[in-house]
Amino acid sequence: MESRFEQDLSLRSKPVKELTLNEARQEAEKLRREIEYHNYRYYVLNAPVISDAEYDELFRRLVEIEERFPELVTPDSPTQRVGAPPAEEFGAVTHRLPMLSLDNAFNEDELRAFDERVKRMLGLSPSTSVEYVCELKLDGLAVNLTYENGVFVRGATRGDGITGEDVTANLRTVRSIPLRMLIDDPPPFIEVRGEVFMTVRDFELLNRQRVERGEQPFMNPRNAAAGSVRQLDPKVTAERRLDIFCYGVGHVEGISFETHWQALEFLKRAGFKVNPDNRLCCGIDEVIQHCIDWTERRHEIPYPADGMVIKVNQIRYQELLGTTAHHPRWAIAYKFPAEQKTTLLKDIIVQVGRTGALTPVAVLEPVEVDGVVITSATLHNEDQIRRLDVRIGDTVIVQRAGGVIPEIVGVVKERRTGDEREFTMPKRCPVCGGEVYKPPDEVVARCINPTCPAKLENWLKHWCSRDAMNIEHIGPKLIKQLVDRGMVSDPADLYALTRWQLMGLERMGEKSAENVISEIEKSKTASLDRLIFALGIRHVGARTARILSEHFGSLERLSEASLEELMNIPEIGPETARSIYDYFRMESTRELLEKLRKYGVRPSAVEKVAAPVESPFVGKTVVFTGELDSYTRSEAEALVQQYGGKVASSVSRSTDLVVVGRNPGSKYQRALELGIRTINEEEFLEMVKQAKGTMGE
Ligand SMILES: [Zn+2]
């Protein structure tokens, strides 16, 4: 390969200003190939052949040439990886071949059932060993990379599988994505599928930086990768350390493969990063053994992987097996079982929430579960502690619920020494010393001091949060300072803060103070539903806030609503109605609303489309049939509306999407008749996740 980069030193030694246009064109072209190759050695193979200084020199020379001859700059030039201007929004890209999601297997039996189905459908005898390719299943963001004549022309997210977002400029910044394929005879058109991810280490590093800057940490590496790719400003993406593994091809022209393994080999040769741990297995027994081995070694994997993807190797078989409406029949995803670890419970502390709720939290000896270090876990309430019979000093079993939130699932009682201490909820608020009250019919104890600083801090956090007033740059540390110094005694006081006051605080320069003020200023015209949610009325979540804002149209109307009127809103239960009614009758509420008005907080009418255009629901008419496990029907419908879609009650030609739950009715039949796209619950959840992601960063 190196032979292609023989150096024409006579040319290279010439100062750029003496180059003719023709010489410059030739040299620029050569430099680009050279740089891309070294890039590949460094980022894909992890085996550089030149020093960083030599690389920098090549790069500098190319920049110099392109500066003198701007007409020579090509989009696939390595100098163009970073520097695209921020986008207003992401365009839509339709995948030439849909990107389907995979069916799941959770144990050995389900893998065997998959193998039997494959053989039955192919008409193979049960004793045949089918060839399968096993690939570690990354938990990142699936993307589709389009190359025309070997040049990277378009990168898109998976989106709903049919249409994704155009994130070309952002993907260009990922160094392990070749801007040009490293082969001499590239196919005229090829879609390359891959998963963009962040290693666990880079994820932790990024979160540490975010916390230091007072920003929300990402929940997990998947969110971090997705959030980083979905940045309107590619410069932000470029700062994040993203990587990719390519795992397949979509629509292809001018080249064909007999096996999936061959396609992977081709990708490797063309300069793509392909997971070196991929494995070709003969028969399901080998696949199962491979899955077992990796389940045991999973915590050694330096990137987020939550299972194994198993694909039928022969492309002819894949074509014969085809796809269902949702999944290819030739592939399945084996999910690693939730990992459980034991660790020492060092202490139980009590946190005070926005509503004054006291939550016991276990302080744990740090332990790594599913690749993430866990140092604490919520115990929810006193009843939960009694149920688990957990004591301070116990060895406890922890796992991450849904792969994310750490929880304690049991106690290893055999390890007790007798020194363990039972925990009792404090009678006084651990923050303000105020009285704690637990109604006899509730599980939650609350601090009832209305001016408890813990409540205020959490209320302010809630007020600034994304679904509420969405005020950025106000992190927990700043809030704590504002409360400790008495600068803020309710959220309305935020609107009276001045730049000068803020500049007196720790780690607050003129620029950051200005940012905070302008963010606060911006939130004055947030939509009404956000303001209602931000008030933190008990039982009023983001969804209820939206219903209220649509029903009443103004805060004045809402605050004057009678109990009866509230009760008459179909989606609002009696308990919630009572809570809203009582809230607006309190003296402190009247004062707060008066103050907000005085400081110029004027909520705008309801945002018709709160969802940004890249949400997969935007402009879509969605119909539900059957039951969902994760949401009630009205919750699911509210989500669609929240993220920019419309909900209809019956299927017609104008329906875009039918979500099919358990025991679907005639609407499902109708959708099939009309050829309308149907998705299952899992795919719906995935769309919601994406929509949420687009509301994220
Ligand atoms: Zn308190």
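All ligand and atom numbering here is 1-based and tracks the order in the structure.
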(request) Considering only NZ, NE, NH1 and NH2 on the basic side and carboxylate oxygens on the acidic side, decide whether Glu594 and Arg597 come within less than 4.0 Å. (result) yes

(message) Under a 4.0 Å threshold between the charged nitrogen and the carboxylate oxygen, would Lys137 count as salt-bridged to Asp139?
(response) no

(request) State plainly whether the residues Glu560 and Arg557 are in salt-bridge range, i.e. N to O under 4.0 Å. (result) no

(request) Measure distances from the Zn ion (ligand 1) and count the protein N, O or S atoms below 2.8 Å. (result) 4

(request) Examine the side chains of Ser465 and Asp467 and answer whether a donor and an acceptor come within less than 3.5 Å of each other. (result) no

(request) Just say parallel, tilted or perpendicular for the rings of Phe617 and Tyr643, cut-offs at 30° and 60°. (result) parallel

(message) Side chains of Thr199 and Asp202 only: does a donor on one sit below 3.5 Å from an acceptor on the other?
(response) yes

